Amino acid sequence: MWFWAFVGPFAIGLGLFTYVPLAWSVYLSFFDAHNTVTPTDFVGLDNYTAMLGDDAFVSSLGTFLLFTAFIVPATYVLSLGLALMVNRLRFAQAFFRSVFFLPTACSYVVAALIWKLSIFNGVRFGLANTVLGWFGADQTAWLSTTDPPWYWLVIVTVRLWLQAGFFMILFLAGLQRISPRLYEAAAVDGARPGWQTLRYITLPQLRATSVAVVLLLVINAFQAFDEFYNLMSDARGYPPYARPPLVYLYYTALGQEQNLGLGSAGAVILALIIAVATVVQARWFGLGRKED
Amino acid sequence: MTRDIGRRRLLGVAGGAALTAVLAACGSNTGRNGKGSGPELSQWYHQYGEPGTEQAVKRYAAAYGKARVTVQWRPGDYDRQTAAALLTDSGPDVFEVNGPKLDQIKGGQVVDLTAEIASARDDFNQAVLAPKIWQDKVWAVPQTIDTQLLFYRKSLLKAAGVEPPRSVDELVEAAKALTARHRKDKVKGLFLGNDGGAAVLGGTPLFAAGLSLITEDGKVGFDDPAAARVLGKIRQLYADESLLLGAPTDWSAPAAFVQGLTAMQWSGLWALPQVRKALGDDFGVLPFPKDGAGKPAVPVGAYSSAVSARSKHRAEAKAFVKWLWVDGTDKQEDFALAYGFHIPARTSLAKKAKQLREGAAADAVSYATQYGHAEPLLWTTPSSTAYQDALNRIIKGGANPESELKGVVRKVEAELQRAKK
């Protein structure tokens, strides 16, 4: 009884707010559901073919693939680097661990607005432009320039700042599980500290952590919404060159057009892509396989 | 003295606290403003920036005697909030709408207000009333009119030897000359929004070239070489680096203009008091200049009052809208002019308003009357998105306007076929 007393409310919440809407969304995707969530006109796979034939949706998939290709390796390298540095500290380790972790507590919306309004605004008193101005550089419209696409710098750095600390903690936990005896044995065998130790001891020992980190990073990247929306949108809409799928679906399903059938089809397509990518990745890295 | 708290006691205390919180919430401020008798009506507004507006609408609601009207002042993405709420039974009875859109009308989400507006229908500004009409029925009552204008700083233009632009070519040249003249101060010639104008300009350059978004007989209105020509000129502004980009506030706020970041800015009528306060007489307003054989143009639009079809008190809600926005001319005038700066939707009120009779305000009213264009009802969201995406690619990416517009024309034609069904 106590099991259900504690688990029941969460199970009901999960069912009510996750699985029922999910199932309803799949149902809607087969209907012409303009301005309604209880449609009557069955259209089969029309919404799916319309979505896959929609240049804007396809280009949004390209945007998030590009974003994933940037952000996953960048966060991986930065968070591992921070973890290695913090792990070696003899003094004030807890302080630096907290400092790097602290941005995780900041919301994506707030961070995006700070990046947009204070650091990377395009006028002379923006922080980035002020600093560059000291070296004689012209002011740059960071979020409005597509050639070169400086907006990517803004989008990637805000997410790096926000999430590197969290993944650093995961790596730190992994690093602290590695037995010092391995390093001692390697030193006795003549291994040089630094790259050689990192390459042959640390990274293989962090394999399980790395798999989990990469998996989480990819899923996080697929779900990118807040920073894109708050950095790039205005009251009238959103530029086509940096529109990830969730932003596009948000406008399709919840915009004034309220095409909930089409939006649901897009959501199902996106969910399938994420599921397939996750399974392929998990198989590739051997997630869940017994350690040799 | 310490005492262990048992599991049962802890759960009991937590349950009691939760119950107390629920009961307290039931008795807390519900935002109810109406003092009248009769049913309860919920009325939603988007958040206006002008101080005093919220208190004003709550005062109007409280003055209504035939229902108890609750006002909800909703910050954030209002259009999407209402669109989602209209799908449920917990949405508003009466609400402000930037529309309604054709799909909302065809989807049966709003009710017919033809009878309510009938007594004053001819007195409403016809340009803004037109997009509220579908199949000869009026689906919302316009509250106030807003328009957009080209603000220019007289002293900066004079210093650069530039005349206020009367054509798009002159605008391109003026922005270039102003940017060059003030390069040392890093002042740009023109601000059309942080995206270079793609979002805010919309159909305005097309209107200025003598074209339209949708023709009166329901066809694509810009399948014409003049469209590519005028959009190419907007691209020229970007290519010349005459445009201010990346300002902390976007086109809708006049901050970039009054802070001296730009010599000219495209902004809204609502910004006029703020500009006048900051710059005194050192500014003027113009419509978007004409191109070729076209005419100057300004977009006009109106937030309007609509009644949700899911309202349990539709008749009462309709009566309230009539009382407030059709019969209540004093309230319409107060709402438009006592807090912010808008044009009353009733032509007779706009004509007699003292604040609109002189200076830049009078110019703005005259532009809205002579050159005002509202987005037609058949200009659906997918059409607008396709057009704005193309405009973005033309302005920022330098894409070929002709080929981009061909794609948009195809999309809009398909949308028109769907919408007319």
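Below, chains carry the letters A, B, ... as their sequence lines are ordered, and counting in each starts from 1. Only this structure's heavy atoms are used, side chains among them; waters, hydrogens and symmetry mates stay out. None of the values given here were measured: they were computed from a predicted structure.
When all heavy atoms of A/T146 and B/K396 are compared, the pair lying nearest together is OG1-O, 3.5 Å. The nearest pair of heavy atoms linking B/L87 to A/V37 is CD1-CG1, 4.2 Å. Counting all heavy atoms, side chain and backbone alike, B/Y238 lies closest to A/S144 at OH-O, 3.4 Å. Nearest heavy atoms, B/P248 versus A/L117: O-CD2, 3.1 Å.
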Task: Worked verdict on B/Q259 versus A/F125 for side chain to side chain contact (heavy atoms under 4.5 Å, CB included) - done: CA-CA 12 Å; B/Q259 286 170 1; A/F125 46 77; 4.0 Å; yes
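For the set A/T140, A/D147, A/V123, the entry with the most heavy-atom pairs within less than 4.5 Å of chain B is A/V123. Interface check for chain A: of the options B/T249, B/N392, B/D195, B/D389, the most heavy-atom pairs under 4.5 Å are formed by B/D389. With respect to chain A, the highest number of heavy-atom pairs below 4.5 Å among B/S252, B/A199, B/A198 belongs to B/A199.
In this structure, A/Y250 and B/R80 have side chains that are in contact, with non-hydrogen atoms separated by less than 4.5 Å.
Sparse packing is recorded around CH2 of A/W150, with 12 or fewer heavy atoms of other residues, nucleotides or ligands lying under 6.0 Å away. The environment of A/Y19 atom OH is sparse: at most 12 non-hydrogen atoms of other residues, nucleotides or ligands sit within 6.0 angstrom. Heavy-atom neighbours of A/F166 CZ from other residues, nucleotides or ligands within 6.0 Å: at or below the threshold of 12. For B/R418, the CZ atom is densely surrounded, since the number of other residues' heavy atoms within 6.0 Å is greater than 12. Residue A/D138 places its CG atom among 12 or fewer non-hydrogen atoms of other residues, nucleotides or ligands, all under 6.0 Å distant.
Of the two parts of B/L243, neither the backbone nor the side chain holds a non-hydrogen atom closer than 4.5 Å to a non-hydrogen atom of chain A. With a 4.5 angstrom heavy-atom cutoff, A/Y151 does not touch chain B via any of its atoms. At a 4.5 Å heavy-atom cutoff, A/F120 makes no contact with chain B through either its backbone or its side chain. Heavy atoms of B/S384 lying under 4.5 Å from chain A are absent altogether.
Considering CG of B/N194 and NZ of A/K116, their distance stands at 7.0 Å, rounded to 0.5 Å. Going from atom CG of A/N259 over to atom CG of B/D103 covers 8.0 Å, rounded to the nearest 0.5 Å. To the nearest 0.5 Å, the span separating CG on A/N35 from CG on B/L102 amounts to 9.5 Å. Taking OH of A/Y251 as the start and OG1 of B/T385 as the end, the distance is 9.0 Å to the nearest 0.5 Å.
Using a distance-only test at 3.5 Å, with no hydrogens or angles considered, a donor-acceptor pair links the side chain of A/Q258 to the main chain of B/A83.
Residues A/Y229 and B/D77 bring a donor and an acceptor atom of their side chains to less than 3.5 Å of each other.
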